[in-house]
Protein chains: 2
Amino acid sequence: MRKPGVSKTRESILKFIPDFIDQRGYSPTVRDIVKGCQLSSTAVVQHHLNVLEKAGFIHRDPEVFRSIQLVEKDIIAVPLLGTVAAGQPIPVPDSNSWTSTPEESLKLPRDLVGGRDNIYALRVKGMSMIDALIADGDIVVMESAQNMEDGEMAAVWLKEEQEVTLKKLYREPGRLRLQPANEQMKPIYVKPENVELQGKVVAVLRKLNR
Amino acid sequence: MRKPGVSKTRESILKFIPDFIDQRGYSPTVRDIVKGCQLSSTAVVQHHLNVLEKAGFIHRDPEVFRSIQLVEKDIIAVPLLGTVAAGQPIPVPDSNSWTSTPEESLKLPRDLVGGRDNIYALRVKGMSMIDALIADGDIVVMESAQNMEDGEMAAVWLKEEQEVTLKKLYREPGRLRLQPANEQMKPIYVKPENVELQGKVVAVLRKLNR
DNA sequence: TTGTTCTATAAACGATTGTTTCATAAACAA
DNA sequence: TTGTTTATGAAACAATCGTTTATAGAACAA
């Protein structure tokens, strides 16, 4: 082989595919890749594509032209499972919610939710979340999670107060500190027994007008 | 013609294409459309696709299989033009900013910005926008606009105070009322000469963690 | 060395698919 | 009616493109 650097043929293919899609709007053919990556035969590409598919990087429909897809899509559909209002728990999805068709779903750029699983969205009703800088009509993107790290924004249900609140959560000896997103506001302190973790807040989305 | 309702063949094609793309991840062939819309010949589809392309609904690359694309894409790249901080005007893009490559760009779902033009995004630095329920690190999506309707969220530069603020804007006799998004806060009233409109707020985006 | 595995080259086959042609039917205006 | 434009149908052609086969070089271990 004359080109020593081409040992990374596969990575060059993996880089070429999204470039091509971005530029042309559809997937490359085997022969497009031959040209684009300066290879000399379709069989090389065929082989590498098989490897890449087996490794889970791409997906192809057999016998379908231009069907190469990067497995990581850049847009994701998040189910909009309901609304949050003052004085009532956040709807926590059970296993059914994921399979049954949600009333509505939200298309979000993948990088907004990262690689997380179990993502869902809720519409906020009323101004009860105002100390988390969340207004009526905002959409919160949640991750249902059992454990949190200090400083993460969590949705917690306060049993005594019978209300849900969105706060940054810090463990302290014998108590939890709930810190509002609005740093000018004072934190509140609660007993661990009084809180029920309902999820992490992944993102907040506010659409003005229309 | 046996089917009288098929006068809307074209609309059925226009509906079929995104459905197919959503489901399969690539564009349909002429023959896929024949099946999907229950037509009987590729020539019919060919004809309608030509009409649709001339009308600007779709785009095709001649001789390229599966190259049909809907002209309206569902994701849009918004230039991230800078940051907003307390006590300094919002960077208003000049004509250069649109052509020159921005440092960064933000992929957003198209429906977030609607059909608007002249959209750009800014990262908020500091807590100076807290009364608009906007925190440090939030991203505001702006539309550069000359005129506003009452009740729209605007970014205005207050000349005397030398600061920018995000408020809902209402015209009143002899003055402007600037209403914070946080309805618990009082509005402020300013003379029209004291304000300089810098844009409309289209959306707010808050990404937590990572 | 030998064998094995991964990668590269060349060429050909055959399926998929865009395009064209010709003929027919419908819709509509003058 | 007549003519004109637009939509439909069936079939065939030609280009694109996925796939296969057969061969060989390179890297590496035993």
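Chain identifiers are assigned alphabetically (A, B, ...) following the order of the sequence lines, protein sequences preceding nucleic acid strands; residue numbering begins at 1 within each chain. Note: hydrogens, waters and symmetry copies are ignored here, and every other heavy atom, side chains too, is used.
Rounding to whole angstrom units, CD of residue A:Gln46 and P of C:dT7 are separated by 15 Å. Across the protein-nucleic acid pair, B:Tyr26 atom OH and D:dC17 atom P stand 15 Å apart, rounded to whole Å. For B:Ile33 and D:dT8, the CD1 to C1' distance is 16 Å, given to the nearest whole Å. In this structure, the CZ atom of A:Arg31 is 13 Å from the P atom of C:dA11, given to the nearest Å. The CZ-C1' distance, from B:Arg10 to C:dA26, rounds to 14 Å in whole Å. Distance CG (A:Leu49) to C1' (D:dT20): 15 Å, rounded to an integer number of Å. B:Gln69 places its CD atom 14 Å from the P atom of C:dG18, with the value rounded to the nearest Å. If you measure from atom CD1 of B:Ile13 to atom C1' of D:dT6, you get 14 Å, rounded to the nearest angstrom.
Put simply, the side chain of B:Phe57 reaches to within 4.5 Å of the side chain of B:Leu14, judged on heavy atoms.
Of the candidates D:dG18, C:dT7, D:dG9, C:dT7 carries the atom nearest the A:His47 side chain, counting heavy atoms from C-beta on. Of the candidate nucleotides D:dA12, D:dG9, D:dG18, D:dG9 has the atom lying nearest to any side-chain atom of B:Ser40. Here C:dT7 is the nucleotide among C:dT7, D:dT20, D:dT8 with the atom lying nearest to any side-chain atom of A:His48.
Under the 4.0 Å criterion applied to side-chain N and carboxylate O atoms, B:Arg206 and A:Asp138 are not assigned as salt-bridge partners. Salt bridge annotation for B:Lys168-B:Asp150: absent, with no cationic side-chain nitrogen under 4.0 angstrom from a carboxylate oxygen. The existence of a salt bridge linking A:Arg177 and A:Glu172 is confirmed by a sub-4.0 Å separation between a basic side-chain nitrogen and an acidic carboxylate oxygen. Between B:Glu152 and B:Lys200 there is a salt bridge, since at least one side-chain N of the basic residue sits less than 4.0 Å from a carboxylate O of the acidic one.
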Find every protein N or O atom lying less than 3.5 Å from an N or O atom of nucleotides 21-24 of chain C, and list the pairs.
none

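DNA chain C is contacted by B:Arg60, B:Pro62, B:Glu63, B:Val64, B:Phe65, B:Arg66 of residues 59-68 of chain B, taking any non-hydrogen atom closer than 4.0 Å.
Between the B:Asn50 side chain and the B:Gln46 main chain, a donor and an acceptor come within less than 3.5 Å of each other. With hydrogens and angles ignored, the 3.5 Å screen pairs a side-chain donor or acceptor of A:Gln69 with a backbone N or O of B:Arg24. Between the side chain of B:Asp19 and the main chain of B:Phe16, no donor-acceptor pair closer than 3.5 Å is present.
Put simply, A:Thr9 has a side-chain N or O that comes within less than 4.0 Å of OP1 or OP2 on C:dA8. At D:dA11, none of the side-chain N or O atoms of B:Ser41 fall inside 4.0 Å of OP1 or OP2 (strictly under the cut-off).
Here the straight-line distance linking atom CD1 of B:Ile33 with atom NE2 of B:His48 works out to 11.0 Å at 0.5 Å rounding.
For B:Thr42 against C:dT17, no side-chain N or O and base N or O form a donor-acceptor pair under 3.5 Å.
In this structure, A:Phe65 and B:Phe65 have parallel ring planes: the angle between them is below the 30° cut-off, well short of the 60° mark.
Using a 4.0 Å heavy-atom criterion, one finds that B:Thr29 contacts the sugar-phosphate atoms exclusively.
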